[in-house]
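Since the structure is predicted, the reported quantities are computational estimates derived from the model, not experimental observations. Order of appearance sets the numbers: ligands from 1, and atoms from 1 within every ligand.
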Amino acid sequence: MKPKNNFAFSHPLLLLLLLLLLLSFTCFSPTFCVANDTITSEIFIKDPASLISSSSSFQLGFFAPPNSTSRYVGIWYNNIPSQTIVWVANRENPLKDASGIFTISKDGNLVVLDGDDTVLWSSNVSSSSKTNTSARILDSGNLVLEDNASGKILWESFKHPSDKFLPSMKFMTNTRTKEMIKLTSWNTPSNPSTGNFSVALEVVSLPEAVIWNNDDNVYWRSGPWNGQSFIGIPEMDCVYLSGFNLVIQNQEYTFSVPQNYSVEEFGSLFLTSQGNFVQSYWNPQERNWNFNWIAIQTV
Ligand SMILES: *[C@@H]1O[C@H](CO)[C@@H](O)[C@H](O)[C@H]1NC(C)=O
Ligand SMILES: *[C@@H]1O[C@H](CO)[C@@H](O)[C@H](O)[C@H]1NC(C)=O
Ligand SMILES: *[C@@H]1O[C@H](CO)[C@@H](O)[C@H](O)[C@H]1NC(C)=O
Ligand SMILES: *[C@@H]1O[C@H](CO)[C@@H](O)[C@H](O)[C@H]1NC(C)=O
Ligand SMILES: *[C@@H]1O[C@H](CO)[C@@H](O)[C@H](O)[C@H]1NC(C)=O
Ligand SMILES: *[C@@H]1O[C@H](CO)[C@@H](O)[C@H](O)[C@H]1NC(C)=O
Ligand SMILES: *[C@@H]1O[C@H](CO)[C@@H](O)[C@H](O)[C@H]1NC(C)=O
């Protein structure tokens, strides 16, 4: 039996018209045409709106930590049911209500504003006439502020981390310029303001990871890098998760993690508010965070 010919969908001209009609509902309407991962001076987010990275790995928006009513702009995993914050913007200056706005200011910086337009946080890039900028949340979890004209990255959250190191970040220390990328703990699990602990790569003769308590007291040392792992974290060498890397170039020491896992499978290197440095990954069966290793003070 010959199937019934549906004229409307078989005729190329009509199909084109139908497509154009569809497009007019999507792309000519400003709220739908914009990418959902981008902020500009005109397209900003207001609490409780959020952005989602292009392949939906991360979400950026407003959140309140557990047992807190203070609100912050942060980034979390989009595909993990228990909200896990990987980065916080206004960690020292919470919003007291749901009036927050995350936008690009006149000087081209990313800013968190409260209901009175008070700046609670800024990306603080010196305003060298970079007024034509936009910001995007990437699938790596990195929030980047770009100069529209040159495409140059002016600022990125991966260079200003909070308490978690994500797989595409570079844990970097430059012994010449003294530049150092540090994680800093939250004060408590309910309060993301800067806590007592920080961790970074320190280079005396050999590079090692060091946790400081209150900035200058060494709390824990990983032991030197042996080419595959830090000798004080033997669990790093486990077959299941090998591929950590440390590259030295022009006095710049850069540590990176295996790149062949999804962001959820690898999880993060996480400095807890008690000063423990853990590698936690998402276990989809248990629907929970598990740990591959925990570096803690043993004395
Ligand atoms: C953008 O993402 C948010 C958060 O999930 C969603 O509510 C909104 O509908 C999305 N907007 C568009 C234009 O896709
Ligand atoms: C931005 O710069 C101002 C002035 O130098 C400083 O007080 C503020 O803490 C900086 N904010 C951030 C988020 O670095
Ligand atoms: C910068 O680029 C974004 C994305 O292409 C665009 O939406 C925005 O309007 C641009 N900003 C300016 C000031 O032209
Ligand atoms: C911003 O940059 C875009 C891309 O280079 C350019 O087309 C646009 O004219 C610029 N806008 C302003 C306000 O300078
Ligand atoms: C929040 O409060 C409940 C009840 O007091 C407590 O069991 C839980 O551990 C708290 N969570 C955090 C993150 O502090
Ligand atoms: C942080 O250090 C201060 C000063 O030593 C101490 O009073 C406070 O209890 C510490 N907080 C945490 C969470 O360890
Ligand atoms: C990732 O690479 C490491 C080292 O080559 C390997 O042992 C591991 O099985 C790989 N994992 C995945 C999920 O591909």
Side-chain angles (χ1 to χ4, degrees), residues 47-48 50 57-98 100 102 112 120-121 141 143 157 160-166 171 173 180-202 208-223 230 232-233 263-264 266-299:
D47 199 355
S50 64
S57 301
F58 286 95
Q59 192 166 355
L60 180 152
F62 296 82
F63 74 96
N67 300 338
S68 168
T69 54
S70 295
R71 296 188 70 75
Y72 300 84
V73 170
I75 298 172
W76 57 90
Y77 296 93
N78 186 48
N79 300 319
I80 286 179
S82 67
Q83 190 183 54
T84 304
I85 307 296
V86 298
W87 183 79
V88 187
N90 55 318
R91 64 191 296 192
E92 311 300 342
N93 270 325
L95 289 148
K96 287 171 185 63
D97 54 28
F102 193 47
V112 177
L120 297 183
W121 175 87
L143 172 65
S157 62
H160 302 86
S162 301
D163 61 346
K164 290 186 187 71
F165 179 94
L166 298 181
F171 218 173
T173 287
M180 194 183 239
I181 293 184
K182 268 188 183 189
L183 300 183
T184 48
S185 63
W186 285 25
N187 224 294
T188 70
S190 300
N191 177 1
S193 70
T194 303
N196 286 348
F197 298 98
S198 57
V199 63
L201 270 187
E202 188 184 61
E208 61 180 316
V210 173
I211 300 177
W212 290 273
N213 185 0
N214 290 313
D215 278 339
D216 41 8
N217 306 314
V218 171
Y219 181 72
W220 175 85
R221 287 181 183 279
S222 67
F230 294 106
I233 317 177
V263 290
E264 296 89 1
F266 181 82
S268 69
L269 307 184
F270 165 31
L271 184 63
T272 71
S273 42
Q274 287 83 39
N276 297 336
F277 193 36
V278 309
Q279 197 243 310
S280 73
Y281 66 95
W282 182 251
N283 183 324
Q285 280 81 43
E286 292 177 16
R287 296 168 73 77
N288 212 340
W289 291 101
N290 286 185
F291 304 112
N292 268 322
W293 49 260
I294 307 185
I296 47 172
Q297 198 192 28
T298 49
V299 284

Donor-acceptor contacts, no H, no angles, side chain residues 191-201, under 3.5 Å, sequence neighbours left out:
unit_1 : atom_1 : unit_2 : atom_2 : d
Asn191 : OD1    : Ser193 : N      : 2.9
Asn191 : OD1    : Ser193 : OG     : 3.1
Asn191 : ND2    : Ser193 : OG     : 3.4
Ser193 : OG     : Asn187 : ND2    : 3.3
Thr194 : OG1    : Glu92  : OE2    : 2.4

Original post:
So which pairs with a foot in residues 270-294 pass salt bridge (Lys or Arg N to Asp or Glu O under 4.0 Å), sequence neighbours left out?
Top reply: none
Original post:
In terms of atom number and element, which parts of ligand 6 are under 4.0 angstrom from non-hydrogen atoms of Asn214?
Top reply: 2 (O), 4 (C), 5 (O)
Taking a 3.5 Å cut-off between nitrogen or oxygen atoms, can you list every pair linking ligand 5 to the protein, with distances?
unit_1   : atom_1 : unit_2 : atom_2 : d
ligand 5 : 2 (O)  : Asn67  : OD1    : 3.1
ligand 5 : 2 (O)  : Asn67  : ND2    : 2.3
ligand 5 : 11 (N) : Asn67  : ND2    : 2.9
ligand 5 : 14 (O) : Asn67  : ND2    : 3.2
ligand 5 : 14 (O) : Ser190 : OG     : 3.4

Original post:
With distance as the sole test, does Ser82 use its side chain to make a donor-acceptor pair with the main-chain N or O of Ile80 at under 3.5 Å?
Top reply: no
Original post:
Can you tell me if Ser190 uses its side chain to pair, donor with acceptor, with the backbone of Asn67 under 3.5 Å?
Top reply: no
**OP:** Measure up the Phe102 and Trp121 rings against each other and bin them: parallel (under 30°), tilted (30 to 60°), perpendicular (over 60°).
**Re:** tilted
Subject >> Contacts of type side-chain hydrogen bond (donor to acceptor under 3.5 Å, both in side chains), residue Asn90, not counting sequence neighbours >> reply: none
